[in-house]
Enquirer: 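I have a structure I would like to understand better, so I am pasting it below and will then ask my questions one at a time.
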Amino acid sequence: MTLGDAPPAVRSPIPANAGQAWVERLAASECPALTTRRKRRAERTGANHDPIVWVEAQGSNVVDADGNRYVDLTSGFGVAFIGHRHPTVVEAIKKQADVLLHTLGDLYPSSVKIELLERLCALSPWPQARAMLSLSGADAVTAALKTAVMATGRPGIVAFQGGYHGLSYGPLAVSGFAERFRAPFVRQLNSHVRFVRWPDTDDVDRALRSLPDDWSEIGALIVEPVQGRAGVRVPPPAFLNELGERCRRQGAVLIADEIFTGLGRCGAWWRSVREELDPDVICVGKALGGGLPVSACIAREEVMRAWGDPEREAIHTGTFYGDPLGAAAALATLDVIEKQGLVALSEERGAAFARSLEQASLQGVSEIRHAGTMLGLQLDAELGALRVTRALLERGYLVLPAGEHADVLQLVPPVTLRQSQFDGFVDVLGRVLETTL
Ligand SMILES: Cc1ncc(COP(=O)(O)O)c(C=O)c1O
C-alpha cells in the first residue's frame, strides 16, 4: 500500500532513539512554555508526552524520525484538508519556485497574487467583494477586525465564550477560549470586547439574550460557525441565522471566522453561508495554502470600501502578504477542492465517519458531534482526551484533544482519508477507551 493511504505501523516505543535525540535538542532550544506543557501533561496523566518528530507526510500518513508511520486524523491543525503534500500543490510550488519567490507585495505584486485575489472574491457569497491576503489565521482575523472599525467607526466587538480566533493581540482579545491564554496579557487587550454565551444544545435564547442592550459602540460581531478548538461545538439549526439578523439590525459588521470551518471542511464552501448567517466578512486560512501559510480576509465590497479613502495611505500591509509561493499553492489547492468535488465529499465522508463512531457504542463517549469532516467526541472525563490521544498516538493514530477541559477528541482528517483507515481507527479507539478511561 502506498504512503498516503496506508494503515499505521508503529514498531518502536515513541519516541525511540532518533526521535529522543531530537526531543532533547528541542527542549534545549524551544520556548520553555512548550517543554513545560509536556511535563505538566505527563504529571497529570501519568504518561510520557514527548512528541514524535515528523520527517515526512503524504496524503493521510505521517512518518516520524524513528520510521514509524501514523494515520493523521488532525490534518496538522486542519491544514491538510486535501491531504499532505498533494501532488498538484507540490507541482505548483515547484513551478513557482523556478520563476519567482518574492515581490514588493502591496507595491508591485506578482501576477499569481492577483489571480488568487480574484479567485477568492469569486468564491465569496457576494456579487462584489474585495480581499486582503496574509499569512496566518490570526492575521486574517486582525484584518477583519480592522475592516469592521474602518467601516463603522465603532470600537466595540461582540465575541463568543469558547471562541478561538488566534493568539496575537487583536484575535486574543476576541478569543473566549480558555482564560489561561489571556490572563498574562489581559491588561494589554482591547477592552471593548463583550463576550456572550455559546449555545450548545437548547441554549439559543439565553445566548441571544446575552447580546448587549446598547449597540451604539459595537461595530462587529465575530463568530466561528462551529467552535473547533472549544470541542467541535455545533450550534443548533437557525441559531446563526437569528444571530445574524439581530446584529444586522444594530448595524454591526458580521465576521465569520471560517479559518477552520471553511473551504469544505464543514461540508460547504462557507459554513456560515450554508447556515444563513449572511456574513459581511469571511476569514479563511489553514487549508487554503495546502500546507503553506496563506490566509485571507474577504469582505463585501461596500464594507471594504472604507479602506479606499483617497486621503489615506495603505495602512494595513505586511512584507510577505500575498507571497508568490503561497498564492500558487492556494490556487492549486482551490483547483483540487473544486475539480475533485471535495466539498461534497467532505459532507459524505463526515456522515459516514460519524455513523461508524455511533455504531461502535464507544465507552466513555457521551456525544458525537460533527459538521462535515470536523468531528468531536465528547468524553465523560475531564482531561480524558489527553490520556486517550497519547494512547492513540502509541498505536499510530494522530488525534488532538479539544475543549477547555480537554474532554473532547477532535477528529479532522484529510477528506481523502479512506473508510478502511477510519474503520481501523474506530476499532483501536474502542479498545483504548476501555483501557484508558
Ligand atoms: C477558527 C480559528 N480562527 C483562527 C485561528 C488562528 O489561526 P492561526 O493559528 O493560523 O493564527 C484558528 C487556529 O486554530 C482557528 O481555529
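Atoms within each ligand, like the ligands themselves, are counted from 1 in listed order.
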Enquirer: Does ligand 1 have a heavy atom under 4.0 Å from the side chain of R229, from its backbone, from both, or from neither?
Expert: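 Answer for R229: neither.
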
Enquirer: Closest non-hydrogen protein atom to atom 13 (C) of ligand 1, residue and atom name please, with distance?
Expert: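 Of every protein heavy atom, K286 NZ, 3.2 Å lies nearest to atom 13 (C) of ligand 1.
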
Enquirer: In the complex you have, is atom 9 (O) of ligand 1 within reach of the protein, judged by whether a heavy-atom distance drops under 4.0 Å?
Expert: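 Within 4.0 Å: no protein heavy atom nearby.
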
Enquirer: Under a 4.0 Å N-O cut-off, is there an ion pair linking D280 with R248?
Expert: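 Yes.
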
Enquirer: Can we say D335 and R119 salt-bridge, meaning some charged N sits less than 4.0 Å from an Asp/Glu carboxylate O?
Expert: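 Looking at R119 together with D335, the answer is yes, because their closest N to O distance falls below 4.0 Å.
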
Enquirer: Would you call E242 and R246 a salt bridge, using N to O less than 4.0 angstrom?
Expert: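 R246 and E242: salt-bridged.
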
Enquirer: Please check if atom CZ in F195 has more than 12 non-hydrogen atoms from other residues, nucleotides or ligands closer than 6.0 Å.
Expert: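 It does: F195 CZ has more than 12 such atoms within range.
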
Enquirer: List every atom of ligand 1 that sits less than 4.0 Å from any heavy atom of E224, numbering the atoms from 1 in the order shown and giving each element.
Expert: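 Checking each atom against E224, I get 1 (C).
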
Enquirer: Only pairs at least two apart or in different chains count here, so list each salt bridge (charged side-chain N to carboxylate O under 4.0 Å, His left out) that has a residue in residues 127-153.
Expert: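 Applying salt bridge (charged side-chain N to carboxylate O under 4.0 Å, His left out) to every pair that reaches into residues 127-153, excluding sequence neighbours, yields nothing.
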
Enquirer: Can you tell me the protein heavy atom closest to atom 6 (C) of ligand 1 and the distance?
Expert: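 Residue, atom and distance for the closest contact: G166 CA, 3.6 Å.
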
Enquirer: Classify the contact between H165 and ligand 1 as side chain, backbone, both or neither, using a heavy-atom distance cut-off of under 4.0 Å.
Expert: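 Backbone only.
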
Enquirer: Can you find an N or O of A138 that's nearer than 3.5 Å to an N or O of ligand 1?
Expert: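 Min N/O separation from ligand 1 is below 3.5 Å for A138.
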
Enquirer: Side chain or backbone, does G137 bring an N or O within less than 3.5 Å of an N or O on ligand 1?
Expert: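 Yes; at least one N/O pair falls below 3.5 Å.
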
Enquirer: Check whether any N or O atom of D257, backbone or side chain, sits under 3.5 Å from an N or O atom of ligand 1, and answer yes or no.
Expert: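 The answer is yes, given that D257 and ligand 1 share an N or O pair closer than 3.5 Å.
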
Enquirer: Are K39 and E43 within salt-bridge range, i.e. N to O under 4.0 Å?
Expert: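 Not counted as a salt bridge, because no side-chain N and carboxylate O are separated by less than 4.0 Å.
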
Enquirer: If you look only at pairs with a residue in residues 398-419, which of them pass as a salt bridge (charged side-chain N to carboxylate O under 4.0 Å, His left out), with sequence neighbours excluded?
Expert: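 Found D5-R418.
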
Enquirer: Identify the protein heavy atom lying closest to atom 2 (C) of ligand 1, giving its residue, its atom name and the separation to 0.1 Å.
Expert: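 Of every protein heavy atom, Y164 O, 3.2 Å lies nearest to atom 2 (C) of ligand 1.
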
Enquirer: Is the contact between F77 and ligand 1 made by the side chain, the backbone, both, or neither, using heavy atoms and a 4.0 Å cut-off?
Expert: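 Within the 4.0 Å criterion, F77 makes no contact with ligand 1.
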
Enquirer: Ring centres of F177 and W198 under 6.0 Å apart?
Expert: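 F177 vs W198: aromatic centres not under 6.0 Å.
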
